[in-house]
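Residue numbers start from 1 in every chain, and the chains themselves are labelled A, B, ... in the order their sequence lines are given, proteins ahead of strands.
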2 protein chains.
Amino acid sequence: MLKISKKADYALMALQHIALVQFGDVTPGRVVNTKEIAEEYNIPLELLAKVLQTLAKNGLIESHNGPKGGYLLARSTRQITIAQILEGIEGPLGITDCSHEKEGELCLQREHCNIRTPLLKVQDSIYQLLNNMTLQDMMGGTPLITIQSPTAQGVAQ
Amino acid sequence: MLKISKKADYALMALQHIALVQFGDVTPGRVVNTKEIAEEYNIPLELLAKVLQTLAKNGLIESHNGPKGGYLLARSTRQITIAQILEGIEGPLGITDCSHEKEGELCLQREHCNIRTPLLKVQDSIYQLLNNMTLQDMMGGTPLITIQSPTAQGVAQ
DNA sequence: TTTAGTCCGACCTTATTGATCGGAGATCAT
DNA sequence: ATGATCTCCGATCAATAAGGTCGGACTAAA
C-alpha cells in the first residue's frame, strides 16, 4: 500500500544521477542525456524521456536541445525536495480522494464521514516528511560509476 | 499520489462506526451489521461486506453469523492502529516495488540503484506515523501525531 | 544543410481497483 | 427439526490508472 509509481522511482534515480554527474568529482558540469541514464539503470528509454520532460516542465531540471544536449539541475541539490520530485510526476499528495475536493464535488460519504479530518492530518505529516528531505540527502557517499560514451569523453577534459 | 484505496477508506469508516456504537453512550454493546454501515455512509453493500470479511479474517473484528448477527471489535480502540487497518486491507506498507523483494527477484534497476536505502527510511517513518495513531484517536479529540524526519537521522548511505 | 538530440502528443497493453453476482453455511424463531 | 434470514466467501465483470511504445516536429551544433 501507499506505493509510489515506477515513473516516480525513475525520476528519483535520474535526478540523483544528474546530481552526481553535475556535482561529483569525476566529470563535473557535464550535461546528462536520457540515453545515458536509461542504459545505466535499465530504464525503458522512451518512458524515461517522458519522465524527464515532465520534470523539465515542472522546473526541476533544465533541458538543452540539440546534439551534446541533455539535462541539468535547475537549482542546487539542497533546494530540490523529494516532495517536489514526487509531486512533479504524480501530482499533488493526497492519501484520500477528498483531499483536494473542490466545492460542489463532495463524495458520497462526506455527509457522515468522520475520518476526513484525522486523515488530512496524517497526510500533512507525510508531506512534511517528504518536503524536509532533499536530493542532497540522497547522494551522500554514493560512488558514481562512470560510463564509456564517446560523446562524454569528447566533452570531459 | 500516495493515495489509499477506497476499500481502505471504507474500512476506516466502518471500524470507526463500529467503535462508536460499541463504546458510545447510545446503545453500548450492540452488534453492527453490514447493511447498517452501508446505508449510513452510502457505501456499496457487497463491497463493504468483503471489506469487513477481510478485516475479520485479519483479526481486527469478530463476526457473528445468522440473524441478529454482525460485527464487533476484536480488541479495544487503543489497540487497533491505522497501520493495522490499512495493512489488513491493502497489504504490507511498501512505497517502492522492492520494499519486500525476496531473494532472487531483484528489480532491473537494483544493480546501480542508490535510492533504495533512503526510500526505505522514509517508508519506515511513514509506518511509525500510521502505527502510532489508533482508532481511539479517530473518534474524539485531535490525534496526536509525532513525526521524525529521516533527514535528521542521517538518511544518506 | 545535415545530423543527432530533445520535445511532444497520441496510442496500446496490462494490472489494479471498484463493484457485482450467486450460492454455501450458520443461526435464531417457530 | 425446519424454515427463513442473514452472513460468509469465492468467482467474475467493468472501469480506471499505470507502464510502456510509436511517430513525427522542433532545435541547435557541426
Side-chain angles (χ1 to χ4, degrees), chain A residues 1-11 13-14 18 30-39 41-72 86 89-91 94-97 107-109 149-152 154-155, chain B residues 1-11 13-14 18 30-39 41-72 86 89-91 94-97 107-109:
Chain A
M1 69 174 198
L2 289 180
K3 199 167 61 180
I4 62 178
S5 69
K6 277 237 158 71
K7 285 185 190 173
D9 260 338
Y10 296 158
M13 286 188 226
I18 295 173
R30 179 165 63 81
V31 171
V32 187
N33 65 20
T34 308
K35 193 179 174 190
E36 171 184 333
I37 302 175
E39 290 177 350
Y41 301 98
N42 289 301
I43 301 174
L45 180 64
E46 290 84 4
L47 183 55
L48 177 62
K50 223 170 64 168
V51 168
L52 292 175
Q53 290 160 25
T54 305
L55 291 175
K57 188 156 51 182
N58 285 85
L60 291 166
I61 54 179
E62 286 175 3
S63 66
H64 291 266
N65 243 339
K68 302 272 171 74
Y71 293 96
L72 286 174
L86 296 183
I89 298 296
E90 299 194 0
I95 64 172
T96 182
D97 276 336
C107 78
L108 293 174
Q109 288 78 40
S149 157
T151 314
V155 170
Chain B
M1 69 175 197
L2 289 181
K3 198 167 62 179
I4 62 178
S5 68
K6 278 237 160 71
K7 284 185 192 175
D9 261 338
Y10 296 158
M13 286 188 226
I18 296 173
R30 182 164 62 82
V31 172
V32 187
N33 65 19
T34 308
K35 193 179 173 188
E36 171 184 333
I37 303 174
E39 289 178 349
Y41 301 97
N42 289 302
I43 303 172
L45 179 64
E46 292 81 6
L47 183 55
L48 177 62
K50 223 170 66 168
V51 168
L52 293 175
Q53 291 159 23
T54 306
L55 291 175
K57 187 156 51 184
N58 284 85
L60 291 167
I61 52 179
E62 287 175 3
S63 66
H64 291 267
N65 243 338
K68 302 272 172 74
Y71 293 96
L72 285 174
L86 296 183
I89 297 297
E90 298 194 0
I95 65 172
T96 182
D97 275 338
C107 79
L108 292 174
Q109 287 78 39

Nearest-neighbour nucleotide for the Asn65(B) side chain, dC9(D), dG18(C), dA26(C) considered:
dA26(C)

Rounded to whole angstroms, how far apart are CG on Asp9(A) and P on dG20(D)?
11 Å

Picking from dT7(D), dT3(C), dA30(D), which would you name as closest to the side chain of Asn33(B)?
dT7(D)

Is Tyr10(B) close enough to dG18(C) that one of its side-chain N or O atoms is under 4.0 Å from OP1 or OP2 there?
no

Return whichever of Lys6(A) or Ala49(B) has its heavy-atom-nearest nucleotide of DNA chain D closer to the 5' end.
Ala49(B)

Listed nucleotide nearest any side-chain atom of Pro44(A), set dT20(C), dT6(C), dG20(D)
dG20(D)

Minimal heavy-atom distance between Leu55(A) and Ala11(A), with the atoms involved, is CD1-CB, 4.0 Å

Nearest whole Å is fine: how far is dC8(C) P from Leu52(A) CG?
13 Å

Between His64(A) and Leu47(A), which is nearer to the 5' end of DNA chain D once each is assigned its nearest nucleotide?
Leu47(A)

Starting at CD of Glu90(A) and ending at C1' of dG19(D), how long is that distance when rounded to a whole Å?
13 Å

Using side chain to side chain contact (heavy atoms under 4.5 Å, CB included) as the criterion, point out the one residue from Glu46(B), Met13(B), Lys7(B) that pairs with Val51(B).
Lys7(B)

Among dA28(D), dC22(D), dG18(C), which nucleotide sits nearest the side chain of Glu46(A)?
dC22(D)

To the nearest angstrom, how far is Leu48(B) atom CG from dC9(D) atom P?
15 Å

Expressed in angstrom and rounded to an integer, what is the separation of Lys35(A) atom NZ from dT6(C) atom P?
10 Å

Report the distance from atom CD of Glu62(A) to atom P of dA28(D), rounded to the nearest whole Å.
14 Å

Closest non-hydrogen atoms of Leu48(B) and Thr34(B), given as atom of the first, atom of the second and distance, are CD2-O, 3.6 Å

Among dC8(C), dA18(D), dC9(D), which nucleotide sits nearest the side chain of Gln53(B)?
dC9(D)

Closest to the Lys7(B) side chain: dT21(D), dT7(D), dG18(C)?
dG18(C)

Between CD1 of Ile89(A) and P of dG20(D) the distance, given in whole Å, is 14 Å

Report the nucleotide, chosen from dC9(D), dT6(C), dA11(D), that has the shortest atom-to-atom distance to any side-chain atom of Lys50(B).
dA11(D)

Under a 3.5 Å distance rule, please check whether Glu90(A) uses its side chain to pair with a backbone N or O of Ser5(A) as donor and acceptor.
yes

Apply ring-ring contact (aromatic ring centres under 6.0 Å, His included) to Tyr10(A) and list each qualifying residue two or more places apart in sequence or on a separate chain.
none

Whole-Å distance between dG18(C) P and Asn42(B) CG?
17 Å

